[in-house]
Amino acid sequence: MNVHHAIEITLTRPATHAELAQAARTLSLTANHDATRFMAVVHAKTPGRALNRVRRQLGEALPVDVITTHYPDSSGHVLLNITLPPDADTAIRRAADRSGQTPRLFAQRALHRALAQHAKREADLLDGAAQQLLATTTAAQLVAAVARALTSTPGAPAC
């Protein structure tokens, strides 16, 4: 059964008027304010097929960097569609072959590891900053200050 998938397209640079006109002939797109990110709704059986369809339809019309599903799937994952430079593609294929994995699985696992490492570094930095603050103030004062900052900062997440 085909369903509609919200797809986000990120460009390497702002699109020109000619590129936008050419892309609009093949796919209905909605652009952000500086024409570097677009949204499209694509009819396909799976999110992966939707990403591939967008990649094929846009072809050389736009300087596409990354195509992603806009909403996470039932497992909480956002799918990513990128075209690697030939050298990077060859390196991934060789590393995957040495590890006995498919290039897709190898890249997926490497990305998950990198994201987990990044999240840990960010959490460690935040923990360190909180410990420094708690050395000179009480927990109640810190929580009150964070609450004030969250409620007075435009665009901050709602509590």
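Only this structure's heavy atoms are used, side chains among them; waters, hydrogens and symmetry mates stay out.
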Side chains of [X] and [Y], heavy atoms from C-beta outward: is any pair under 4.5 Å?
{"X": "Val54", "Y": "Asn81", "answer": "no"}
{"X": "Thr68", "Y": "Leu79", "answer": "no"}
{"X": "Phe38", "Y": "Leu20", "answer": "yes"}

With clusters defined by side-chain heavy atoms of hydrophobic residues (ILVMFWY) lying less than 4.5 Å apart, directly or transitively, does [Y] cluster with [X]?
{"X": "Leu133", "Y": "Val146", "value": "yes"}
{"X": "Leu84", "Y": "Leu115", "value": "yes"}
{"X": "Val66", "Y": "Val42", "value": "no"}

Straight-line distance of [X] [atom1] to [Y] [atom2], nearest 0.5 Å:
{"X": "Leu51", "Y": "Arg56", "atom1": "CG", "atom2": "CZ", "result": "11.0 Å"}
{"X": "Arg113", "Y": "Arg109", "atom1": "CZ", "atom2": "CZ", "result": "8.5 Å"}
{"X": "Gln22", "Y": "Leu27", "atom1": "CD", "atom2": "CG", "result": "12.5 Å"}
{"X": "Thr10", "Y": "Leu80", "atom1": "OG1", "atom2": "CG", "result": "9.5 Å"}
{"X": "Lys120", "Y": "Asp124", "atom1": "NZ", "atom2": "CG", "result": "3.5 Å"}
{"X": "Arg53", "Y": "Ile7", "atom1": "CZ", "atom2": "CD1", "result": "10.5 Å"}

Short question: side chain of [X], backbone of [Y] - any donor-acceptor pair under 3.5 Å?
{"X": "Thr137", "Y": "Leu134", "value": "no"}
{"X": "His5", "Y": "Ala44", "value": "yes"}
{"X": "Asn2", "Y": "His43", "value": "no"}

Closest contact, heavy atoms only, [X] versus [Y]:
{"X": "Ala35", "Y": "Asn32", "result": "N-OD1, 3.0 Å"}
{"X": "Arg55", "Y": "Ile82", "result": "NH2-CA, 3.4 Å"}
{"X": "Leu142", "Y": "Ala130", "result": "CD2-O, 4.4 Å"}
{"X": "Ala40", "Y": "Ile9", "result": "CB-CD1, 4.3 Å"}

> Parallel under 30°, tilted from 30 to 60°, perpendicular over 60°: which one fits the rings of His112 and His77?
Replying inline: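 Answer is parallel, since the angle falls under 30°.
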> Counting only heavy atoms not in Arg13, do more than 12 fall under 6.0 Å of its CZ?
Replying inline: yes
> Salt bridge between Arg93 and Asp89, side-chain N to carboxylate O under 4.0 Å?
Replying inline: yes
